[in-house]
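I have placed the structure first, in the form of structure tokens, so that the comments after it can refer back to it.
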There are 4 protein chains.
Amino acid sequence: MSGNTFGTLFAVTNFGESHGPAIGCVIDGCPPGLALSEADIQGDLDRRRPGTSRHVTQRNEPDAVEILSGVYQGLTTGTPICLLIKNTDQRSKDYGDIVQSFRPGHADYTYFHKYGLRDPRGGGRSSARLTAPMVAAGAVAKKWLAERFGTTFRGCMTQIGERPIPFESWEHVPNNPFFAPMADVAELEAYMDALRKSGDSCGARIRVAAANMPVGLGQPLFDKLDADIAYAMMGINAVKGVEIGAGFASVSQRGTTHGDSLSPAGFRTNHAGGVLGGISTGQDLEVAIAIKPTSSIVTPRESIDVHGHSTDIVTKGRHDPCVGIRATPIAEAMLALVVMEHALQHRAQCGDVVAPSAPIPGAAPAR
Amino acid sequence: MSGNTFGTLFAVTNFGESHGPAIGCVIDGCPPGLALSEADIQGDLDRRRPGTSRHVTQRNEPDAVEILSGVYQGLTTGTPICLLIKNTDQRSKDYGDIVQSFRPGHADYTYFHKYGLRDPRGGGRSSARLTAPMVAAGAVAKKWLAERFGTTFRGCMTQIGERPIPFESWEHVPNNPFFAPMADVAELEAYMDALRKSGDSCGARIRVAAANMPVGLGQPLFDKLDADIAYAMMGINAVKGVEIGAGFASVSQRGTTHGDSLSPAGFRTNHAGGVLGGISTGQDLEVAIAIKPTSSIVTPRESIDVHGHSTDIVTKGRHDPCVGIRATPIAEAMLALVVMEHALQHRAQCGDVVAPSAPIPGAAPAR
Amino acid sequence: MSGNTFGTLFAVTNFGESHGPAIGCVIDGCPPGLALSEADIQGDLDRRRPGTSRHVTQRNEPDAVEILSGVYQGLTTGTPICLLIKNTDQRSKDYGDIVQSFRPGHADYTYFHKYGLRDPRGGGRSSARLTAPMVAAGAVAKKWLAERFGTTFRGCMTQIGERPIPFESWEHVPNNPFFAPMADVAELEAYMDALRKSGDSCGARIRVAAANMPVGLGQPLFDKLDADIAYAMMGINAVKGVEIGAGFASVSQRGTTHGDSLSPAGFRTNHAGGVLGGISTGQDLEVAIAIKPTSSIVTPRESIDVHGHSTDIVTKGRHDPCVGIRATPIAEAMLALVVMEHALQHRAQCGDVVAPSAPIPGAAPAR
Amino acid sequence: MSGNTFGTLFAVTNFGESHGPAIGCVIDGCPPGLALSEADIQGDLDRRRPGTSRHVTQRNEPDAVEILSGVYQGLTTGTPICLLIKNTDQRSKDYGDIVQSFRPGHADYTYFHKYGLRDPRGGGRSSARLTAPMVAAGAVAKKWLAERFGTTFRGCMTQIGERPIPFESWEHVPNNPFFAPMADVAELEAYMDALRKSGDSCGARIRVAAANMPVGLGQPLFDKLDADIAYAMMGINAVKGVEIGAGFASVSQRGTTHGDSLSPAGFRTNHAGGVLGGISTGQDLEVAIAIKPTSSIVTPRESIDVHGHSTDIVTKGRHDPCVGIRATPIAEAMLALVVMEHALQHRAQCGDVVAPSAPIPGAAPAR
């Protein structure tokens with residue numbers, strides 16, 4: 001509840017600001033004996049880091065992670081793992097203009113009224129840069145889940161602005177800067193180039209999934225697996241909507257269609273998105289999120305200043321014209337953190353449960 | 001994290017099963033000195049309770065609430081408020097057929113594999129009946145928030161099955177069994193009659209909103225106000241999607257449109273749905289949820305039994321053909337509980353903050 | 001943190017007041033599949049209940065427990081277990097005199113200033129009667145721990161007022177109203193009779209222990225096993241001191257004496273009281289607590305009234321002249337709840353740890 | 001519950017090991033607008049740091065604190081404050097001998113069996129060095145509490161080994177290395193010199209107090225102020241006993257003596273130690289703790305190795321012969337953290353309570 005810790009049993013406490021000396025997190029509750037080094041974490045950080053294509057912010061951050069604690073002779077000890085990422089390319093002077101005014105669609109206004117003061121440099125604490133430590137923590141969760149259950153996580157962009165992105169294959173995702181599951185992204189490149197030139201920004205829709213899920217993760221009333229996923233996803237900067245499985249399409253489905261029928265070989269469909277009654281079915285988790293257009297844009301906007309007077313505001317500095325472009329590894333990490341938390345929660349209460357019959361093929365018990 | 005407690009400072013612990021002797025909740029953390037009696041709570045319970053029209057389950061439950069503790073001489077004392085609702089119309093024999101099999105789209109399968117056993121009577125703990133104590137707790141939150149900030153909550157159905165429901169006026173909502181904001185619901189009645197006759201079920205889309213919100217509620221990184229709303233809504237039985245403000249429509253909006261511009265008179269629009277950076281702006285909270293079609297239907301479905309063998313399953317018993325019909329007061333209650341929690345959280349950390357200038361007209365400081 | 005929930009994974013939420021209609025608790029997180037009925041709980045409640053000898057309060061309460069939820073066909077289902085105990089012998093008129101004044105040494109004064117109002121009937125929420133639901137919850141924990149690890153709990157009185165009670169044998173404890181480990185309690189009876197006649201009250205010292213403890217329970221920095229025990233014990237009404245193992249005697253011990261040496265056959269001594277570095281060693285947990293004399297006495301005391309004016313106060317009503325007499329089963333229950341919580345916590349994080357060598361004889365791994 | 005976070009609303013997450021690159025903590029929930037710099041924190045760290053007299057470990061650590069986040073232009077922003085303390089004088093080779101064996105009275109054994117592995121360098125996570133970040137966090141709490149309520153904290157040593165230390169005056173405490181409230185500490189020096197020469201260690205008794213306490217802090221059933229103090233104190237390395245107010249002496253007091261009588265001028269005595277019913281009275285908090293003798297001593301001890309075989313063990317390296325000597329600032333800090341947490345908790349629930357009459361002179365309302 002403290003606002004900067006995610007999870008209870010696998011608890012990630014995040015700290016730092018966009019333009020402070022460093023950002024990072026403390027992971028508390030990691031099982032002992034996991035082989036872990038910086039190299040296990042850096043890969044996902046590199047997928048998220050800025051400055052890697054012309055379509056994202058040109059801030060140049062290596063986002064090199066250091067493990068400050070919790071690992072001895074290459075193994076986690078069960079004690080807190082502190083991960084530190086130094087900020088190296090702050091240019092706080094770029095933000096001089098917004099110190100006294102509020103960007104429409106930005107947290108400037110709400111921070112000011114909540115706390116009575118704010119750190120305006122690079123958005124301070126509200127910067128999407130604070131997702132980097134979560135990506136790092138998510139990499140630790142991914143590694144443990146892969147080793148224990150074989151669970152894997154992946155995501156892709158399914159729409160950018162008004163442009164849907166057809167799904168061709170997962171294999172294309174790492175080969176373009178958009179995390180698009182298509183071979184030829186020339187049109188997306190052109191779309192983004194035009195958008196950037198116009199001084200505007202756009203939204204995106206991201207799909208994220210987990211495969212080889214154990215069955216039985218999640219609590220029935222609150223702390224449902226899907227409720228915690230919704231919490232995790234809506235907490236990512238700029239997210240305005242979350243769907244599990246069929247999502248909003250389920251409104252116009254009939255029960256005879258939506259309810260995934262079962263056979264000895266498994267579920268016939270996955271409209272549930274891998275969760276029934278808040279508990280994992282063993283099918284793939286399927287999640288979609290809506291990301292709003294960036295609020296920091298160079299087009300002048302009508303606003304007010306800190307004294308309540310009318311003003312026009314233009315955001316200089318280096319910004320992503322579509323924050324959704326870098327959102328895929330973030331969403332994967334948040335999903336991994338939710339699954340990790342529930343794997344430990346399940347073991348706590350139900351560590352010795354043996355169901356009278358095996359789950360369907362492809363789903364392992366959660367022990 | 002314990003799975004049956006909602007909130008931390010205004011913590012509601014829910015207990016009971018659909019066919020046990022009673023359901024209820026314990027509210028911990030209610031501010032002292034609030035005038036409270038059963039009558040303050042019963043109204044919302046009556047809006048949710050079953051058996052009030054032919055379109056919902058015919059189970060006849062008065063859902064009469066008793067206050068067992070926490071109130072002395074008509075005022076809350078600051079100690080736990082236990083609310084008890086007795087079950088009076090269980091018919092567990094109706095469920096004999098599903099003891100040995102799993103309903104497609106239902107929690108039967110996941111409970112069985114998580115716990116190794118389950119209470120099949122009326123869905124046991126997975127029954128939507130367990131939302132009743134939350135409606136009761138929400139009524140307490142609503143009362144305190146109304147007295148302190150003038151905050152009010154309301155909701156309506158905006159789509160049933162494939163049929164959108166045009167918004168005419170809030171005033172129609174209490175006058176029909178659907179919580180529909182339209183005067184003439186004859187077509188909705190016909191739609192539901194046909195659906196019921198077909199032995200199938202359908203989904204619904206619900207809108208829920210809060211007005212006269214204080215500015216500054218919510219935590220910036222996790223425990224964001226919108227993240228907690230998403231968690232609360234996705235935790236309601238059968239919900240598969242959540243939107244805040246523009247929601248999924250924001251994907252195809254441009255930044256110049258989506259970012260709500262400010263003037264001394266307030267925000268020009270509310271695409272944000274009342275939340276920026278996880279913190280309330282003082283505008284109305286605007287939330288939409290997608291509810292899937294009921295999984296308990298009389299049409300035979302392909303499934304498996306507890307031994308993993310093929311079977312066909314038909315759900316007898318009394319069920320809602322569209323659980324969305326009774327979802328509006330539930331969603332209101334959950335939204336009120338989230339706002340209540342954040343009002344107390346804000347006061348804890350920021351109880352003495354005075355921002356250098358006043359918020360926009362219509363938004364009160366959260367103190 | 002909500003003030004009325006004890007534990008996180010095995011979370012017990014307590015509700016009720018001394019003179020309200022009922023008291024009780026909700027246990028959340030109990031492992032599924034535990035055989036449980038009221039009879040498993042009633043025994044410990046009977047050991048604590050009032051009215052069983054002339055040395056304790058004459059309030060006559062059967063303290064009959066009802067299981068309202070969480071058990072199906074005699075087995076726990078993993079969902080919340082609500083335990084209800086009806087109040088049957090309230091006499092609120094006895095308390096008329098103290099409504100307007102504060103008893104020295106009692107919570108009257110602090111409740112009044114914290115909440116601005118209080119329920120004075122029988123002490124309201126501050127009554128030691130609220131330990132009854134904890135004894136009930138502790139009985140559930142004891143049963144699970146006994147079945148899983150063979151862990152058992154017992155306690156006895158070691159001093160009453162200025163009179164030390166020599167330890168003769170555990171077998172005497174159930175045979176006298178004091179939980180004294182001695183055969184002949186005639187002198188204790190005389191001591192209490194004289195005290196009661198004098199209109200005064202006295203304190204007591206209680207020892208409580210756990211045997212057959214698993215090794216490895218507890219978290220190293222906070223949530224240490226001994227820290228949580230201290231929290232649990234100091235939270236019992238009237239407790240003013242807590243010791244683990246050698247306790248305050250360790251101040252004047254040397255390191256060569258205090259540090260329990262190890263041999264392949266086990267530890268040579270148990271000055272540690274079963275905990276090193278916050279984690280259980282597998283030796284017996286050994287805890288001692290100091291209980292202050294009852295504040296509700298018939299001897300007139302100098303005090304003030306709710307308006308701040310001088311007054312004399314005499315407490316009528318039915319009170320224990322030594323609350324320590326009934327404290328033994330309470331302390332056992334609280335210790336069991338702490339161990340239960342840590343058993344689940346340990347399994348969550350370390351459920352698959354296999355240490356390279358076995359623990360010493362008599363200590364089982366915590367899995 | 002995650003084991004390395006202290007507090008909920010003012011939550012301090014601790015990380016690091018004795019011989020890792022750094023130790024530190026993240027403070028989450030600090031009220032915004034508090035003037036804060038490293039200088040506000042360094043003073044208490046200097047009181048605790050090693051190497052300042054011949055009576056403590058000769059490890060030379062400047063314990064210089066860096067604020068990595070949460071402060072902007074000299075004011076706290078309400079976002080997480082990360083405090084970093086670099087380790088500079090590790091000598092891990094000193095510990096070569098204990099890698100394969102367990103020190104009697106030390107956490108070596110329990111860590112090994114809990115986690116299946118351990119970091120033996122300087123005690124790793126179990127080192128008392130990890131109290132440094134808590135002293136730093138406590139300094140932040142002290143500053144806020146002093147500014148808001150005038151609350152102050154102080155402590156002293158009252159016994160070392162079998163030698164009681166008479167209380168002469170608080171003013172002597174900063175003038176000797178023992179935190180002893182006496183002018184002439186020559187005998188204490190001689191005592192410690194002889195002890196060190198003998199190759200043994202001894203315990204200590206510490207008193208810690210808070211003055212100018214607000215009335216009304218604490219929750220009535222669990223999260224009692226005294227229960228949380230007991231938890232905090234027993235969680236300090238080597239503590240084996242905790243007393244509030246009269247503590248164990250209350251066992252042999254009568255109710256007529258123990259219950260502090262009230263007059264319009266205030267309480268006549270303070271046997272309660274400032275807490276009644278778990279809630280602060282406004283009197284001084286009075287706490288005493290027992291600290292066991294250090295387990296790391298140069299005298300050979302009987303023990304076993306990691307394979308379970310007999311061995312003798314001698315601890316080289318640099319150790320405090322009496323860890324109690326440096327415990328006073330640690331106990332003060334932990335007490336301040338508990339009071340800070342409860343100040344925020346109280347404001348959350350009772351921020352608008354106005355009691356019908358004022359508290360006694362010298363006690364401020366907690367708002």
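Note that these values count all heavy atoms, side chains included, but never hydrogens, waters or copies made by symmetry. Sequence lines set the chain letters: A, B, ... in the order given, protein chains first and strands last, and positions in each chain run from 1.
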Check: For V306(C), is it the side chain, the backbone, both, or neither that has a heavy atom closer than 4.5 Å to a heavy atom of chain D?
Finding: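 Contact with chain D is through the backbone of V306(C) alone.
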Notebook entry, point to check: By a 4.5 Å heavy-atom criterion (distance strictly below it), what part of D226(C) contacts chain D: side chain, backbone, both, or neither?
Noted result: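 Its backbone and side chain both get close to chain D.
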Residue [X] versus chain C: region with a heavy atom under 4.5 Å:
X: L117(D); value: neither
X: R205(D); value: both
X: S280(D); value: backbone
X: H106(D); value: backbone
X: D200(D); value: side chain
X: S295(D); value: neither
X: I291(D); value: backbone
X: V12(D); value: backbone

Margin query: Treating K114(C) as the side-chain partner and G218(D) as the backbone partner, does any N or O pair qualify as donor plus acceptor under 3.5 Å?
Written below: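 The answer is yes, because a donor-acceptor pair under 3.5 Å joins these two groups.
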Notebook entry, point to check: Is K224(C) reaching over with its side chain to a backbone N or O of G235(D), donor-acceptor style, under 3.5 angstrom?
Noted result: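 Present.
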Within a strict 4.5 Å, meaning less than it, do heavy atoms of the [X] and [Y] side chains meet?
X: R254(D); Y: E162(C); result: yes
X: V215(C); Y: Y109(D); result: yes
X: Y111(D); Y: L276(C); result: no

Notebook entry, point to check: Is R268(D) salt-bridged to E302(C), cutoff N-O under 4.0 Å?
Noted result: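 Looking at E302(C) together with R268(D), the answer is yes, because their closest N to O distance falls below 4.0 Å.
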Margin query: Is there a ring pair (Phe, Tyr, Trp, His ring centres under 6.0 Å) between F102(C) and F267(D)? Walk through the geometry before answering.
Written below: CA-CA 12 Å; F102(C) 307 122; F267(D) 288 93; 9.3 Å; no
